[in-house]
A.B. asks: 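Just dropping this structure here.
Given the structure is predicted, the values throughout are model-derived calculations rather than measurements. Quick note: numbers below take in every heavy atom, side chains included, and nothing from hydrogens, waters or symmetry partners.
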Amino acid sequence: QVQLVESGGGLVQPGGSLRLSCAASGRIFSLYVMGWYRQAPGKQRELVAAITSGGSTNYADSVKGRFTISRDNAKNRVYLQMNSLKPEDTAVYYCNAAYGSSWWGQGTQVTVSS
């Protein structure tokens, strides 16, 4: 069982930045594929960014050039740096870990509004 705890969400003005953090349990964190997903009201959950155990990354087209995913295996953490935020980025952001099975955090709200 893997436990994931997100933090760093909040209210930010358009053009602003936020950094999300996800703390994971487990002694083999470095082997997990870690991802950030988001779900806006009335919409399906979608992949925002993912990072493999080897450090390869992929991003949704809508966030390329604005968001950066990274991981610190020594701290069992994955981060999502979000810059140039737009109102359409407003959603609950979820951390996901995958290694055979898949685990989810409880989510953190990000609201982009003036």
A.B. asks: Can you get from Leu4 to Tyr99 by hopping between Ile, Leu, Val, Met, Phe, Trp and Tyr side chains that sit under 4.5 Å apart?
C.D. replies: yes

A.B. asks: For Ser102, give me all partners under side-chain hydrogen bond (donor to acceptor under 3.5 Å, both in side chains), at least two apart in sequence or on another chain.
C.D. replies: Asn96

A.B. asks: Supply the members, apart from Leu11, of the Ile/Leu/Val/Met/Phe/Trp/Tyr cluster built from side-chain contacts under 4.5 Å; use none for a lone residue.
C.D. replies: none

A.B. asks: Only pairs at least two apart or in different chains count here, so list each ring pair (Phe, Tyr, Trp, His ring centres under 6.0 Å) that has a residue in residues 36-66.
C.D. replies: Tyr37-Trp104

A.B. asks: Using side-chain heavy atoms (C-beta onward) and a distance below 4.5 Å, is Ile51 in contact with Val78?
C.D. replies: yes

A.B. asks: Does any N or O in the side chain of Thr108 come within less than 3.5 Å of the main-chain N or O of Gly9, such that one atom is a donor and the other an acceptor?
C.D. replies: yes

A.B. asks: May I have the list of side-chain donor-acceptor pairs in residues 20-35 shorter than 3.5 Å, sequence neighbours left out?
C.D. replies:
residue, atom, partner, partner atom, Å
Ser21, OG, Arg77, NH1, 2.8
Ser25, OG, Gln3, N, 2.7

A.B. asks: For Val92, which of Glu6, Gln106, Gln109 qualifies under side-chain contact (heavy atoms from CB on, under 4.5 Å)?
C.D. replies: Gln109

A.B. asks: Can you pull out every disulfide (SG to SG under 2.5 Å) where at least one residue sits in residues 28-77? Sequence neighbours excluded, please.
C.D. replies: none

A.B. asks: Using the rule that two of Ile, Leu, Val, Met, Phe, Trp, Tyr join whenever any of their side-chain heavy atoms come within less than 4.5 Å, decide whether Tyr94 and Leu18 are in one cluster.
C.D. replies: no

A.B. asks: Between the main-chain N or O of Ser114 and the side-chain N or O of Gln13, is there a donor-acceptor pair closer than 3.5 Å?
C.D. replies: no

A.B. asks: What heavy-atom pair brings Leu47 and Asn58 nearest, and what distance separates the two atoms?
C.D. replies: CD2-ND2, 3.6 Å

A.B. asks: Suppose the criterion is disulfide (SG to SG under 2.5 Å): which pairs have a residue in residues 34-73, not counting sequence neighbours?
C.D. replies: none

A.B. asks: Which donor-acceptor pairs under 3.5 Å do the side chains of residues 79-87 make with protein atoms, sequence neighbours left out?
C.D. replies:
residue, atom, partner, partner atom, Å
Gln81, NE2, Asn83, OD1, 2.9
Asn83, OD1, Ser17, OG, 2.9

A.B. asks: Got a list of side-chain donor-acceptor pairs under 3.5 Å for residues 39-46, not counting sequence neighbours?
C.D. replies:
residue, atom, partner, partner atom, Å
Gln39, NE2, Lys43, O, 3.1
Glu46, OE2, Arg38, NE, 2.7
Glu46, OE2, Arg38, NH2, 3.3

A.B. asks: Please list, chain by chain and in numerical order, all residues satisfying side-chain hydrogen bond (donor to acceptor under 3.5 Å, both in side chains) with Arg66, sequence neighbours excluded.
C.D. replies: Asp89

A.B. asks: To the nearest 0.5 angstrom, please state how far the OG1 atom of Thr57 sits from the NZ atom of Lys64.
C.D. replies: 9.5 Å

A.B. asks: Could you give all pairs that pass the salt bridge (Lys or Arg N to Asp or Glu O under 4.0 Å) test and reach residues 95-114, with sequence neighbours left out?
C.D. replies: none

